Amino acid sequence: MMNKCLYGGGFLLTCALAVAPSAAADQGTRLLATGGTSSLEGSGGGGIVPWATLSSYAGEGQFGATVNLSEVSVDDFRLSVQGASFSWNNRIELSYAEQTFDLSTIGGELSQSIVGAKVRLAGDLIYGDLPQISLGLQHKKNNDYELPAAVGSQDDSGTDWYVSAAKAWLDGPFHRTWVANLTLRSSKANQLGLLGFGGDKEKSREWLAEASVAAFINRYWAVGVEYRQKPDNLSFAEEQDWKDLFVAYFPNKHVSVVGAYTDLGSIAGLDDQTGWYLSVQAAF
């Protein structure tokens with residue numbers, strides 16, 4: 001039997017609960033796992049990369065919403081994220097996230113708020129030859145700016161723009177379901193924006209590539225990788241690209257569990273920041 005479950009990518013451990021907005025659309029009309037997970041910045045998709053897919057399982061004429069709690073712990077830092085999203089008609093997604101970055105190893109704490117929007121422009125994840133293509137933005141505002149300003153940041157807010165393309169192959173190589181996503185982001189955010197925007201080394205925004213690939217082992221289990229380019233705007237510390245590996249479990253549309261290993265490179269001058277990311281998401 002052909003595998004028809006999908007995963008939106010992400011290197012994280014995620015528990016997701018999906019509940020229908022009405023009895024007539026009890027689990028939404030989209031296939032299993034097409035809602036993906038909630039990214040670190042609140043947008044639907046993978047753990048560290050927003051996808052062209054939209055959050056929840058809401059299909060044509062349906063509304064969907066999600067809430068999520070996420071935690072990433074690496075050698076010297078801890079990041080906590082609380083977020084929510086709203087989607088309509090498998091066409092529009094609005095999202096919100098609050099990030100808190102624990103810098104206790106070097107002293108202090110940073111936080112920022114992120115408001116996001118995404119619109120599906122063309123194509124479809126599963127059907128037809130054209131991949132699903134979406135345009136999105138994430139507006140970020142620092143709640144604590146004293147440290148970012150001290151290390152050379154130029155601004156306490158900024159907006160990332162991105163375009164994503166995603167496609168699934170239900171009977172791909174080795175007769176497995178495969179899904180891939182490519183995102184191009186215009187940004188000048190330092191460490192997602194937690195260390196401000198622009199810097200003494202580079203002030204202007206640049207285009208950055210982000211990618212995810214996942215394969216289903218069987219109907220319920222998927223494995224994959226993600227990669228995200230990062231800007232390097234601050235002279236006090238090099239900012240490196242992010243990578244992670246994940247294993248995802250989707251028993252049904254109501255629950256999903258994903259475990260992941262992350263490699264975030266050097267952060268604030270401290271090298272080899274590796275660890276795990278955990279998240280809980282509920283969808284309505």
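Any value given below was found using the heavy atoms of this structure, including those in side chains, with hydrogens, waters and symmetry copies removed. Here the structure is a predicted model, which means the values were calculated and not measured. Count residues from 1 along the sequence.
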>> If you apply the rule side chain to side chain contact (heavy atoms under 4.5 Å, CB included), what do you find for Ser134 with Val163, and how did you get there?
In response: CA-CA 6 Å; Ser134 297; Val163 59; over 6 Å; no

> When you look at Asp124 and Leu130, which way does the side chain to side chain contact (heavy atoms under 4.5 Å, CB included) test go after all the steps?
Replying inline: CA-CA 7 Å; Asp124 189 87; Leu130 185 66; over 6 Å; no

> Going through the distances and angles, do Val247 and Trp221 end up as a side chain to side chain contact (heavy atoms under 4.5 Å, CB included)?
Replying inline: CA-CA 7 Å; Val247 178; Trp221 290 88; 3.8 Å; yes

> Trp242 and Lys230: side chain to side chain contact (heavy atoms under 4.5 Å, CB included), yes or no, with the steps?
Replying inline: CA-CA 7 Å; Trp242 285 6; Lys230 305 290 292 305; 3.1 Å; yes

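Inter-residue side-chain proximity for Gln82 and Gln99 is flagged as unmet; no heavy-atom pair is nearer than 4.5 Å. The closest side-chain heavy-atom distance from Asp241 to Arg228 is not below 4.5 Å. Contact annotation: the side chain of Arg185 approaches that of Pro50 to within less than 4.5 Å [non-hydrogen atoms, C-beta and beyond]. Side-chain contact check for Ser157 versus Lys140: every heavy-atom pair is 4.5 Å or farther apart. Proximity of Gln281 to Val67: side-chain heavy atoms (C-beta onward) are nowhere separated by under 4.5 Å. Looking at Pro231 and Leu208, their side chains come closer than 4.5 Å, going by heavy atoms from C-beta outward. Inter-residue side-chain proximity for Arg120 and Ile133 is flagged as unmet; no heavy-atom pair is nearer than 4.5 Å. With contacts defined as side-chain heavy-atom distances shorter than 4.5 Å, the pair Tyr96/Ser113 qualifies.
In the hydrophobic clustering of ILVMFWY residues, with side-chain heavy atoms under 4.5 Å counting as a link, Leu264 and Val81 come out together.
Without hydrogens or angle criteria, Ser85 side chain to Ser95 main chain gives no donor-acceptor distance under 3.5 Å.
With sequence neighbours excluded, the residues that form a side chain to side chain donor-acceptor pair (under 3.5 Å) with Asp271 are Ser266. Listed by chain and number, the residues in a salt bridge (charged side-chain N to carboxylate O under 4.0 Å, His left out) with Lys118 are Glu93 (sequence neighbours excluded). Not a single salt bridge (charged side-chain N to carboxylate O under 4.0 Å, His left out) links Arg91 to another residue, sequence neighbours left out. Legend: residues meeting ring pair (Phe, Tyr, Trp, His ring centres under 6.0 Å) with Tyr145, ordered by chain and number and at least two apart, are absent. Here Glu109 pairs with Thr100 under the side-chain contact (heavy atoms from CB on, under 4.5 Å) rule; sequence neighbours left out. Judged as a ring pair (Phe, Tyr, Trp, His ring centres under 6.0 Å), and not counting sequence neighbours, the contacts of Phe101 are Phe77. Not counting sequence neighbours, Glu98 has no partner by the salt bridge (charged side-chain N to carboxylate O under 4.0 Å, His left out) test. In terms of the salt bridge (charged side-chain N to carboxylate O under 4.0 Å, His left out) criterion, residue partners of Asp232 (sequence neighbours excluded) are, by chain and number, Lys201. Every residue meeting the side-chain contact (heavy atoms from CB on, under 4.5 Å) condition with Thr274, not counting sequence neighbours, appears here in chain and number order: Asp75, Tyr261, Asp263.
Think of Leu137 as one node in a network of Ile, Leu, Val, Met, Phe, Trp and Tyr side chains linked at under 4.5 Å; its network also takes in Trp161. Hydrophobic clustering, defined by side-chain heavy atoms of Ile, Leu, Val, Met, Phe, Trp and Tyr closer than 4.5 Å, leaves Phe197 isolated from every other such residue.
The number of heavy atoms from other shown groups lying within 6.0 Å of CG (Asp272) does not exceed 12.
Summarising the geometry, atom CG belonging to Leu194 is positioned 8.5 Å from atom CG belonging to Leu103; distances are rounded to the nearest 0.5 Å. Rounding to the nearest 0.5 Å places CG of Asn218 at 7.5 Å from CZ of Arg176.
The stretch residues 115-134 participates, sequence neighbours left out, in no ring pair (Phe, Tyr, Trp, His ring centres under 6.0 Å) pair at all.
A pairwise comparison of heavy atoms in Phe246 and Ala214 identifies CZ-CB, 3.5 Å as the closest pair. In terms of heavy-atom proximity, Ser43 sits nearest to Tyr162 at OG-OH, 3.7 Å.
Using the six-membered ring where Trp is involved, Tyr220 and Tyr249 have ring planes that are perpendicular, over 60° apart on the 30 and 60° scheme.
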